[in-house]
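One structure is given below, encoded as structure tokens.
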Number of protein chains: 2
Amino acid sequence: MSDELPALPWERSRRRAAPARVPLTAERIVDAAYAVLDREGYEKLSMRQVAAELGVAVSALYTHVSGKDELLELMYIRLFKGWELPEPDPARWREQVADFARESRGRLLEHRDLARISMGGMPFSPDVLPQMERLFSLFRTAGLPDYVAAAAGDIISTFIDGFAYEESMWESRQRESDQTAWPDMRASLRQYFADLPPERFPALTALADHMLPESRDERFELGMEIIIRGLASFAEETARNGGGAGDAGGGS
Amino acid sequence: MSDELPALPWERSRRRAAPARVPLTAERIVDAAYAVLDREGYEKLSMRQVAAELGVAVSALYTHVSGKDELLELMYIRLFKGWELPEPDPARWREQVADFARESRGRLLEHRDLARISMGGMPFSPDVLPQMERLFSLFRTAGLPDYVAAAAGDIISTFIDGFAYEESMWESRQRESDQTAWPDMRASLRQYFADLPPERFPALTALADHMLPESRDERFELGMEIIIRGLASFAEETARNGGGAGDAGGGS
DNA sequence: TCCGATTTGAGAACAGTGTTCAGAAGGAGC
DNA sequence: GCTCCTTCTGAACACTGTTCTCAAATCGGA
């Protein structure tokens, strides 16, 4: 090829600026992936799109990330970054569980379609151990028997993830075929249930007014309230059967 | 081509047998799709695979089914076929709800990865109205306030679908990289939690023995028990506050 | 300062995917 | 016999994740 003449100063700095100024890292790839996700949605989140976002060839990604699966996993792990759960307070465990759930859903909903990545995910990464510790500690101080405390996190997470996933699906289905907005949709569905033959569908017609929630938040709150009450009944049971000394909580 | 001489009898029946005996229908496409799903799994369930299963060109499917989305929807709807819920019995509502949940999970697990299709699905098809009626009737006769009865189905389904989805994901992840089987995996994860520094992770180390369930069924049962107890607390509350005679609803 | 070794990005390619479209085959009705 | 219309085919398009070879840039050491 040509001799290795020194480049002109401005060219030199330009040369350095464009290609190598910011080296490609897994971190930057995750950043770009989030940008694509928020802008385009889960369906269009492809390796090529991520590469384009970085102005880089697709194959370049594969030196920093083993594949799309790992990329999604890294995106998922970032969910927990900077999330510090409060010190468990036995007297306020119900609110604390509810707060955890809200925060969890909030983070899931913060980025479009992120819930779809999170599902079936929990790869037991050491990064999430502190949060797990706080959460399980919360269940223990609430007075739950060990076997319930150990399962509660799993069960609640399943509900939250499932809930957020369904929200995400619903939202994207809404988006793609710009149907009527939710208030209209809700009204017409309510009417649909109300107009069913009452002799064949007594329960559906009777409940028509309550079938469709006014907002997803409302449903979520009720769901969590049900689960928390269920947990509380285990705690009360334990307290009655001689859980006794120390932090005998006691319900309402 | 050749003149239209009458075919010989056996040829005639053979001729009818191969290409045109069974006309392509949405029903047969769904059958084939289920066959592919069970054999190959969700990831490899493609229109081309389905077409190959039927010995037909891909594009032929599109005259009977608008696209892959609709095909998945049709597969989902078949889930409910031949599923008759029992007459609600107020005295046994807890068992009946648990039975519904078990049946639901069972149907989801009957076909590999079916849970992955079901999520975010419930397209309010009229086909499922009878089942919905029975379910909501069950919640009403259990003495739940209307706004809870109307949400209970949604909330329980979210949990069940999410649970089955996670099971499906876990199973397929297990399958692809033939890692150690669950008992071994469980043992080593238990050890991992047990070996954490107790001063930093008191709850995790204390709960190590119960963190990983012996079987998924156990976890599922506990999850449903928690939700059912939560629902029960609403029913009791209503009963105390003068639910009294008949089924006088009346919110607070 | 230079030079070899090693890492990192580029470009093309492979085997897939969902979907669409012009055209051929088949059957129904006259 | 002939149309008409539905159904199916084969090829094509625009994508997808991943892998491969090869060139470019970077870094360590002399």
Side-chain angles (χ1 to χ4, degrees), chain A residues 1-7 11-29 32-33 36-37 40-75 116-117 172 176-177, chain B residues 1-7 12 14-29 32-33 36-37 40-75 116-117 172 176-177:
Chain A
M1 318 22 175
S2 61
D3 300 332
E4 300 196 40
L5 296 172
E11 277 197 348
R12 197 174 185 169
S13 60
R14 239 229 248 107
R15 236 242 226 84
R16 249 208 248 119
R21 191 179 51 171
V22 194
L24 203 51
T25 64
E27 207 68 15
R28 285 191 61 222
I29 293 176
V36 173
L37 184 69
E40 314 274 2
Y42 179 74
E43 316 267 333
K44 323 214 94 173
L45 172 58
S46 68
M47 298 301 270
R48 279 176 168 82
Q49 283 290 326
V50 173
E53 183 78 18
L54 291 162
V56 137
V58 208
S59 48
L61 304 179
Y62 285 82
T63 47
H64 303 273
V65 152
S66 74
K68 193 181 183 182
D69 286 348
E70 196 188 38
L71 175 53
L72 295 178
E73 203 172 303
L74 291 175
M75 293 178 78
R116 239 128 105 188
I117 294 171
S172 80
E176 69 186 20
S177 68
Chain B
M1 289 275 172
S2 59
D3 299 335
E4 301 198 37
L5 296 172
R12 197 171 182 173
R14 235 226 253 109
R15 233 244 227 85
R16 250 209 247 118
R21 190 184 53 172
V22 195
L24 204 51
T25 64
E27 206 69 15
R28 284 190 62 223
I29 293 176
V36 173
L37 183 69
E40 314 273 3
Y42 179 74
E43 315 267 334
K44 322 213 94 174
L45 173 58
S46 67
M47 298 301 270
R48 280 177 168 82
Q49 283 290 324
V50 174
E53 183 79 18
L54 291 161
V56 137
V58 208
S59 45
L61 305 180
Y62 286 82
T63 48
H64 303 274
V65 152
S66 74
K68 194 181 184 183
D69 285 349
E70 196 188 38
L71 175 52
L72 294 178
E73 202 172 306
L74 291 175
M75 294 178 77
R116 239 127 109 192
I117 293 170
S172 79
E176 69 187 19
S177 69

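Order of the sequence lines sets the chain letters (A, B, ...), proteins ahead of strands, with each chain counted from 1.
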Only pairs under 3.5 Å count here: list side-chain donor-acceptor contacts from residues 54-61 of chain B, not counting sequence neighbours, and write none if there are none.
none

(message) Tell me the interatomic distance from A:Leu71, atom CG, to D:dG17, atom C1', rounded to whole angstroms.
(response) 12 Å
(request) Please state how far atom CG in B:Leu61 lies from atom P in D:dT7, giving the value in whole angstrom units. (result) 14 Å
(request) Give, ordered by number, those residues of residues 51-59 of chain A having at least one heavy-atom distance below 4.0 Å to an atom of DNA chain D; if nothing qualifies, reply none. (result) A:Val58, A:Ser59
(request) Just compare C:dA10, D:dT19, D:dC8 and give me whichever is closest to any side-chain atom of A:Tyr62. (result) D:dT19
(request) Check whether any side-chain N or O of A:Thr63 sits under 4.0 Å from OP1 or OP2 of C:dG9, and answer yes or no. (result) yes
(request) In whole angstrom, give the distance that lies between atom NZ of A:Lys68 and atom P of D:dT18. (result) 8 Å
(request) Mind checking side-chain hydrogen bond (donor to acceptor under 3.5 Å, both in side chains) for B:Glu27 and listing every partner two or more places apart, or none if nothing turns up? (result) B:Arg78, B:Lys81
(message) Minimum heavy-atom separation for B:Ser46 and B:Lys68, please, with both atom names.
(response) CA-NZ, 4.5 Å
(request) Name all residues meeting the side-chain hydrogen bond (donor to acceptor under 3.5 Å, both in side chains) criterion together with A:Gln49; count only those two or more places apart in sequence or in a different chain, and write none if there are none. (result) none
(request) Could you check which residues of residues 40-49 of chain A get a heavy atom under 4.0 Å from DNA chain C? Sort them by number, please. (result) A:Arg48
(request) Could you tell me which non-hydrogen atom of B:Met47 sits nearest to which non-hydrogen atom of B:Gly67, and how far apart they are? (result) CE-C, 4.1 Å
(request) Would you indicate whether the side-chain heavy atoms of A:Ile29 and A:Leu74 approach each other to under 4.5 Å? (result) no
(request) List in chain and number order the residues that pass side chain to side chain contact (heavy atoms under 4.5 Å, CB included) with A:Ser66, two or more places apart in sequence or in another chain; answer none if no residue qualifies. (result) A:Glu70
(message) Can you measure A:Glu70 atom CD to D:dT18 atom C1' for me and round it to whole angstrom units?
(response) 14 Å
(message) How long is the straight-line distance from CG of A:Leu45 back to CG of A:Leu37, given to the nearest 0.5 Å?
(response) 5.5 Å
